[in-house]
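Just below is one structure, and these are the notes that go with it.
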Amino acid sequence: MGATHVTVTIRNPASPKKSWEGLFLVDTGAIDTLVPKNHLISIGLKPKAQRIYELANCTEVKMDITTGDIEFMGEIVGGTIIFAEPGTEPILGVTALEPVGIDIDPRTQSLNRMPATRLKKILPMK
């Protein structure tokens, strides 16, 4: 299976003209969005907190996080953004995809709009 990439703009909500655009790997196994910290700093975003993340190799690492605007496919969502080391491939996580009604088709590795954004979780019938 191939990887899915999408062009994403990260915007500073306090100063919307300050932004950075890049090609992001869409990773449905990632919760939050990850951006090299040099790009975040260049648009005026600073760490607000730290969070422990589990990496693909099962190690845990404490990383700086902030919040910002994430724009892609004509949509915008506010989300948690992780400060990654410079040179790291940017990753778009599911907390950016789901709120705007974008899903990934595992067969075609393409991003698709759902007919409507879910307002509630659908529970199985008993």
Side-chain angles (χ1 to χ4, degrees):
M1 250 189 242
T4 302
H5 290 84
V6 66
T7 300
V8 176
T9 300
I10 301 297
R11 210 171 284 288
N12 183 335
S15 186
K17 290 185 180 181
K18 293 184 178 180
S19 65
W20 175 76
E21 183 178 282
L23 192 61
F24 283 58
L25 172 67
V26 178
D27 186 349
T28 57
I31 301 299
D32 295 324
T33 295
L34 182 127
V35 177
K37 62 184 170 186
N38 52 309
H39 300 304
L40 297 175
I41 292 166
S42 75
I43 64 171
L45 291 176
K46 297 177 180 169
K48 293 182 177 179
Q50 290 188 323
R51 187 172 290 158
I52 297 172
Y53 288 92
E54 184 178 307
L55 304 179
N57 66 4
C58 296
T59 61
E60 292 181 354
V61 61
K62 187 182 282 190
M63 301 178 84
D64 290 333
I65 60 168
T66 193
T67 54
D69 291 337
I70 304 165
E71 292 182 48
F72 61 100
M73 294 178 63
E75 301 288 349
I76 185 167
V77 64
T80 299
I81 302 170
I82 306 165
F83 283 72
E85 290 303 314
T88 302
E89 180 176 26
I91 294 174
L92 185 66
V94 295
T95 56
L97 296 168
E98 290 179 353
V100 296
I102 305 278
D103 202 5
I104 187 164
D105 182 331
R107 266 185 322 107
T108 63
Q109 294 296 301
S110 61
L111 295 176
N112 302 312
R113 293 184 192 282
M114 292 184 268
T117 302
R118 290 184 206 113
L119 184 57
K120 64 181 183 176
K121 184 174 182 172
I122 299 171
L123 299 174
M125 298 190 63
K126 292 182 180 185

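FYI, side chains are in, hydrogens and waters are out, and symmetry mates aren't considered; it's all heavy atoms of this structure.
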Without placing hydrogens or testing angles, list every side-chain donor-acceptor pair under 3.5 Å for residues 62-72, not counting sequence neighbours.
| residue | atom | partner | partner atom | Å |
| --- | --- | --- | --- | --- |
| Asp64 | OD1 | Gln50 | NE2 | 2.9 |
| Thr66 | OG1 | Lys46 | O | 3.0 |
| Thr67 | OG1 | Lys48 | NZ | 2.6 |
| Glu71 | OE2 | Arg11 | NE | 2.3 |
| Glu71 | OE2 | Arg11 | NH2 | 3.2 |

Can you find a heavy atom in the side chain of Thr59 that is under 4.5 Å from one in the side chain of Glu54? no

Would Arg51 and Thr80 satisfy side-chain contact (heavy atoms from CB on, under 4.5 Å), going step by step from the backbone distance to the final call? CA-CA 10 Å; Arg51 187 172 290 158; Thr80 299; 3.6 Å; yes

Donor-acceptor contacts, no H, no angles, side chain residues 83-95, under 3.5 Å, sequence neighbours left out:
| residue | atom | partner | partner atom | Å |
| --- | --- | --- | --- | --- |
| Glu85 | OE2 | Lys37 | NZ | 3.4 |
| Thr88 | OG1 | Glu85 | O | 2.7 |
| Glu89 | OE2 | His5 | NE2 | 2.9 |
| Thr95 | OG1 | Ile31 | O | 2.8 |
| Thr95 | OG1 | Asp32 | OD1 | 3.4 |

Say whether Ile76 and Ile102 are linked into one hydrophobic cluster, either directly or through other cluster members, by side-chain heavy-atom distances under 4.5 angstrom. no

Pair Val6-Leu23, side-chain contact (heavy atoms from CB on, under 4.5 Å): steps then yes or no: CA-CA 6 Å; Val6 66; Leu23 192 61; 5.8 Å; no

What's the spacing between Glu21 CD and Ile10 CD1 if we round to 0.5 Å? 10.5 Å

Is the shortest heavy-atom distance from the side chain of Thr4 to the side chain of Leu111 under 4.5 Å? yes

Val61 and Ile52: side-chain contact (heavy atoms from CB on, under 4.5 Å), yes or no, with the steps? CA-CA 5 Å; Val61 61; Ile52 297 172; over 6 Å; no

Sequence-distant partners of Glu75, salt bridge (Lys or Arg N to Asp or Glu O under 4.0 Å), two or more places apart: Arg113

Any side-chain heavy-atom pair from Ser15 and Leu45 closer than 4.5 angstrom? no

Residue pairs meeting ring pair (Phe, Tyr, Trp, His ring centres under 6.0 Å), one or both in residues 13-46, sequence neighbours left out, come to Trp20-Phe24, Trp20-His39

Results of salt bridge (Lys or Arg N to Asp or Glu O under 4.0 Å) for Asp27 - residues two or more places apart only: none

Over all atoms of both residues, closest heavy-atom pair of Ala96 and Val77: O-CG1, 3.7 Å

May I ask you to test the Ile81-Leu34 pair for a side-chain heavy-atom distance under 4.5 Å? no

